[in-house]
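To keep things clear, I will list the structure first and then write my remarks on it.
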Amino acid sequence: MKGIDWEQFTALRGSEKKEYFMRGGQLFHVIMPQQFDRDFLDRMCQLATKIRGISKGNKGVLFLQSLLQGKRAMLYFVQPSTRTFLSFMAACQILGFQCSEVRDTSTSSEMKGERPEDSVRTFSSYVDLIVMRHPKSGFAERIALMLNNIGRPVPVINAGSGKDQHPTQALLDIYTLHRSFENYGGIDGKKIAFVGDVKRGRTVRSLAYLLRNYDNMTLYFVAPEALRLEDDLRTYLREQDVTFEESDNLHEVVPLVDAVYMTRIQDEYDQAEESGQIDYSRYHLRKEYLSLLRPNAVIMHPLPRRNEIPVAIDEDKRAVYWRQVRNGMWARVALIAAIFGKDQTILDY
Ligand code: CP
């Protein structure tokens, strides 16, 4: 990212940052959903489906493993994760990478006072790809900026950064919506309800950003007063002409939509245990709501869940959150393949 400093960079709009995440006209860093357009999303869905198919046979498995054999990836996850960490590791392995990991800074030289930026720069000396989850908002952008300016730049994928973004979760959510509505007119024109902590849920933010790429969408944000949408996302949706409504009544919204995207309360970001003051049970999907939900609607959740969706709902054919988990692996294989220029080779297989 030569020729731009951090202050200038942070002043840019998301879409204006896109060029700084490319290299040689090709996708390099994956930092925020604003860098993706409709063509890219359609291609990722097509590629993920192709990879799923290829993976069904031994010959295909070996073909995929041969594509990036000898490459190394660092998984730097210093905020808790089950699905994102494991699916990235599986995705890397599917493409032939070997993986290293740091999941706890108490085992790294950050304990001796090393700056996280220096830790990541160190990783870049050993590996070809860095996948990173960090509690600080904006940290992934800062790292992309730094890596662009060193002698051996490697791509970085943001696997969740504070409250702000989780772009690869959004990508797998798009892939899940794509598969769910493949025979029902696609994603365009659908009505989607985001339920719960829409203020601090980075998966909600990232998916809402991606959905502006689809036509005639209607988004509902169903949240308690204290956890309503942040102003920046509200402004973005207005600028992008995305129709949206805000509500605090889940019961009223359930019958109106094609997808219900549930979220847990993000109380790890509390300042003074304020989540304890909120009656979150009003934002649980009760079993009796299933009779109100459209027959072809889907129930989504990025997981982990607490009590927002009772386990009894897992058996309902509209519950697709366990499919999201597996789709995450395919979507991440597709993304890594695209970063390393192997997407067309896979599509031609
Ligand atoms: N959806 C998601 O990011 O899950 P993990 O926190 O388990 O990675």
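Treat the numbers as computed from the prediction; the structure is a model and nothing was measured. Atoms within each ligand, like the ligands themselves, are counted from 1 in listed order. Below, each value reflects all heavy atoms present in this structure, side chains not excepted, and no hydrogens, waters or symmetry copies.
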What I want to check is whether the side chains of [X] and [Y] have a donor and an acceptor closer together than 3.5 Å.
| X | Y | answer |
| --- | --- | --- |
| Tyr280 | Arg306 | no |
| Asn249 | Ser247 | no |
| Lys112 | Ser109 | yes |

In order of chain and number, which residues sit within 4.0 Å of ligand 1 by heavy atom?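 Close residues (ligand 1, cut-off 4.0 Å): Ser81, Thr82, Arg83, Thr84, Arg133, His166, Gln169, Pro302, Leu303.
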Go through the structure and list residues passing side chain to side chain contact (heavy atoms under 4.5 Å, CB included) with Pro304, not counting sequence neighbours.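 Side chain to side chain contact (heavy atoms under 4.5 Å, CB included) list for Pro304, sorted by chain: Arg83, Arg264.
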Face-on cation placement of Lys190 at Phe181 ring, 6.0 Å and 45° thresholds: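 Judged by the rule, Lys190 and Phe181 form a cation-pi pair.
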Quick one: does NZ or CZ of Lys191 land under 6.0 Å from the six-membered ring centre of Tyr220, within 45 degrees of the ring axis? no
